[in-house]
Amino acid sequence: MSALQPVRGTHDILPDEMRRHRRVVETARDLAERYGYLEMSTPIFEFTEVFRRPLGETSDVVSKEMYSFADRGGEEITLRPEATAAVVRAFLSAGLTHDLPCKFFSHGPMFRYDRPQKGRQRQFHQINVELLGVADPLGDIEMIALGTDILAALGVLGRTQLEINTLGDLDSRHAYRDVLIAYFSDHRDKLSAESVDRLARNPLRILDSKDPGDRKVVAGAPSLSEHLNQASRDFFAAVTEGLDILGIAYRQNPRLVRGLDYYTHSIFEITTEDLGAQATVLGGGRYDGLVELLGGPPTPGVGWAAGIERLAMLMTETPPAPRPIAMVPLGAAAEGKALSIVQALRRAGLAVDLGFSGNLKKRMRRANKVGARAAIILGDDELAGNTATVRDLDSGEQELVSLDALSEHLVRFR
RNA sequence: GUGGCUGUAGCUCAGUUGGUUAGAGCACCGGUUUGUGGUACCGGGGGUCGGGGGUUCAAGUCCCCUCAGCCACCCCA
């Protein structure tokens with residue numbers, strides 16, 4: 001049995017589910033292109049360094065969730081756990097640092113060795129947008145606007161909430177981090193074991209701990225907003241102002257901190273209450289230091305990723321499967337003729353389903369099962385007059401059509 | 001990685017204090033209609049009871065291990 005089971009945390013996507021995924025990707029691509037973001041894609045694996053450096057050695061992703069291995073040539077390889085670092089690497093590889101701004105849309109599978117749960121898989125899929133070379137808050141605003149537009153187009157925006165926060169620029173962030181470490185170190189004995197661990201790895205994360213004891217300590221902690229320098233405050237004010245102008249609803253959440261080291265200034269998450277513990281549907285932020293971390297020139301960036309599975313779960317409707325026209329030949333002579341007619345119709349742009357065997361009844365049943373809109377019945381009677389019977393499977397009406405006019409006649413069923 | 005719940009036909013589930021050949025609905029296949037589907041009626045196929053081990057005269061029912069899903073923690077998409 002185990003060999004017939006997919007690997008833990010991976011899932012096959014069968015046609016019904018695939019159409020939902022496709023709807024997500026196509027909707028996102030469509031809107032991204034309208035915003036000027038062009039589709040590209042990167043390999044699903046990279047040298048491990050591409051992820052290790054920018055995400056931070058102490059991040060959860062790097063410390064325990066990466067699928068890493070040495071390939072046959074001894075190279076340290078990692079299945080990508082996220083898109084941003086890989087896209088930035090591609091941006092640098094292609095030498096696009098003087099061709100700014102760069103606006104990319106991409107989508108594809110990501111891999112994280114997590115414990116699976118509803119809405120959390122080891123291989124999952126993301127849509128992703130990145131904007132490189134724009135230091136202005138307008139970049140953050142456009143990014144968020146694109147995200148909410150996509151959710152709206154998918155019909156799920158109403159069940160989500162946008163939360164934003166700022167980490168400030170690198171100076172502010174580092175200064176605050178030091179203050180936090182000092183504060184939490186003083187209260188170390190009151191922290192949960194997990195938070196003591198966070199103190200060493202990622203002190204900011206203590207701020208959104210759910211542990212009641214931690215919360216008391218956090219309540220007295222110095223706040224990030226007090227440690228922002230003026231430039232950082234102005235930047236964030238400009239972002240929220242832009243969202244206000246666009247009428248995008250958001251909630252400022254001072255305790256929102258994201259796990260990856262490379263974020264600066266705005267960070268945001270779109271969450272839902274309909275997916276259990278996996279509340280985040282879309283997450284991202286500004287990463288002005290990332291390009292440098294990967295060896296490029298100082299280049300600002302903003303981006304986000306959204307989970308395709310999670311968005312698909314929020315969608316209330318499954319896009320319908322395409323409805324073909326069924327070819328139903330009767331008898332050996334008709335079958336031969338049907339083959340060439342089917343091919344001609346397909347070349348003319350029609351979706352045609354050819355039943356492979358069975359009598360009229362069986363083939364009609366199959367036609368119904370595949371959701372055919374119409375059936376072409378081709379028997380000896382029809383062949384004799386160089387015609388075919390075309391039956392509208394929704395109305396039940398049928399008529400005799402000349403084979404010469406068949407393609408034209410069938411266009412109505414496209 | 002930690003803790004908890006669950007696992008019977010393709011799907012959703014029922015299976016009494018362990019006790020004869022493990023059931024239903026839906027789906028599937030066939031027939032009623034050998035040139036007509038979707039409705040109706042009749043019939044049929046299909047299950048190593050997730051896997052392995054143990055207790056017992058007897059295990060789908062009890063115990064242990066294991067795998068997977070789900071839930072919470074963690075983390076995020």
Side-chain angles (χ1 to χ4, degrees), chain A residues 1-11 14 16 24 55 59-65 80-84 107-128 147 160 192-195 197-198 201-202 205 208-211 256-260 267 269-272 275-284 304-314 326 328-331 334 353 355 358-383 388-398:
Chain A
M1 190 67 174
S2 73
L4 289 181
Q5 255 169 6
V7 174
R8 182 169 208 196
T10 67
H11 293 283
L14 298 177
D16 285 349
V24 172
L55 303 198
S59 69
D60 278 61
V61 171
V62 171
S63 61
K64 57 188 191 192
E65 293 172 4
R80 63 182 182 196
E82 62 126 39
T84 302
H107 70 95
M110 305 293 158
F111 306 84
R112 302 227 276 241
Y113 193 87
D114 248 349
R115 181 103 172 231
Q117 226 173 289
K118 187 193 188 77
R120 194 170 82 182
Q121 305 166 195
R122 289 182 176 181
Q123 176 178 337
F124 58 100
H125 298 78
Q126 289 185 335
I127 51 176
N128 179 266
T160 64
S192 65
E194 269 161 5
S195 283
D197 189 43
R198 290 186 183 109
R201 293 183 16 239
N202 192 343
R205 285 235 74 99
D208 71 349
S209 171
K210 290 171 192 164
D211 182 90
L256 175 64
V257 286
R258 311 205 79 240
L260 309 179
I267 53 175
E269 282 186 6
I270 295 181
T271 60
T272 178
L275 253 40
Q278 270 55 248
T280 306
V281 162
L282 179 154
W304 55 250
I308 295 176
E309 283 83 357
R310 291 182 186 178
L311 288 171
M313 278 189 277
L314 285 181
V328 180
L330 299 170
D353 181 79
N359 56 23
L360 177 63
K361 187 190 187 73
K362 271 189 193 165
R363 290 183 195 246
M364 286 300 285
R365 205 174 275 173
R366 175 183 162 81
N368 196 60
K369 209 173 69 179
V370 300
R373 182 160 271 171
I376 306 164
I377 299 166
L378 200 64
D380 293 338
D381 297 350
E382 285 85 355
L383 279 183
T389 296
V390 174
R391 181 180 176 88
D392 182 325
L393 291 177
D394 288 340
S395 69
E397 288 166 18
Q398 60 186 49

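A note on names: the letters A, B, ... follow the listed sequences, proteins ahead of strands, and every chain is numbered from 1. Keep in mind the model is a prediction, meaning the values are calculated, not measured.
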Can a donor-acceptor pair under 3.5 Å be found between the side-chain atoms of N368(A) and the base atoms of G37(B)?
yes
Do R310(A) and C76(B) share a donor-acceptor pair, side chain to base, under 3.5 Å?
yes
Do the side chain of R258(A) and the base of C76(B) come within less than 3.5 angstrom through a donor-acceptor pair of N or O atoms?
no
Any N or O donor-acceptor pair linking the side chain of R115(A) to the base of U2(B) at under 3.5 Å?
yes
Measuring only the C1' atom in each nucleotide, how far is C63(B) from G25(B)? A whole number of Å is fine.
34 Å
What nucleic acid atoms does E194(A) come within less than 4.0 Å of, heavy atoms only: base, sugar-phosphate, or nothing?
sugar-phosphate
Heavy atoms only, 4.0 Å cut-off, all strands: where does L311(A) land among base, sugar-phosphate and nothing?
nothing
Taking only side-chain nitrogens and oxygens of K362(A), does any of them come within less than 4.0 Å of OP1 or OP2 of G35(B)?
no
N/O (side chain, Q117(A)) to phosphate O (OP1/OP2, A72(B)) under 4.0 Å
yes
Kindly indicate whether the side chain of V61(A), heavy atoms from C-beta on, has any atom under 4.5 Å from the side chain of E82(A).
no
Can you check whether any acceptor in the base of G37(B) is under 3.5 Å from a donor in the side chain of R391(A), or vice versa?
yes
Under 4.0 Å between any heavy atoms, over every strand shown, what does R120(A) touch: base, sugar-phosphate, or nothing? Just pick one.
base
Check this for me: does the side-chain of K361(A) come within 3.5 Å of the base of U33(B) through a donor and an acceptor?
yes
Looking at C75(B), does its base get a donor-acceptor pair with the side chain of R198(A) below 3.5 Å?
no
Let me know the distance between CZ of R365(A) and C1' of A40(B), rounded to the nearest Å.
13 Å
Please state whether the base of G35(B) and the side chain of E382(A) form at least one donor-acceptor pair under 3.5 Å?
yes
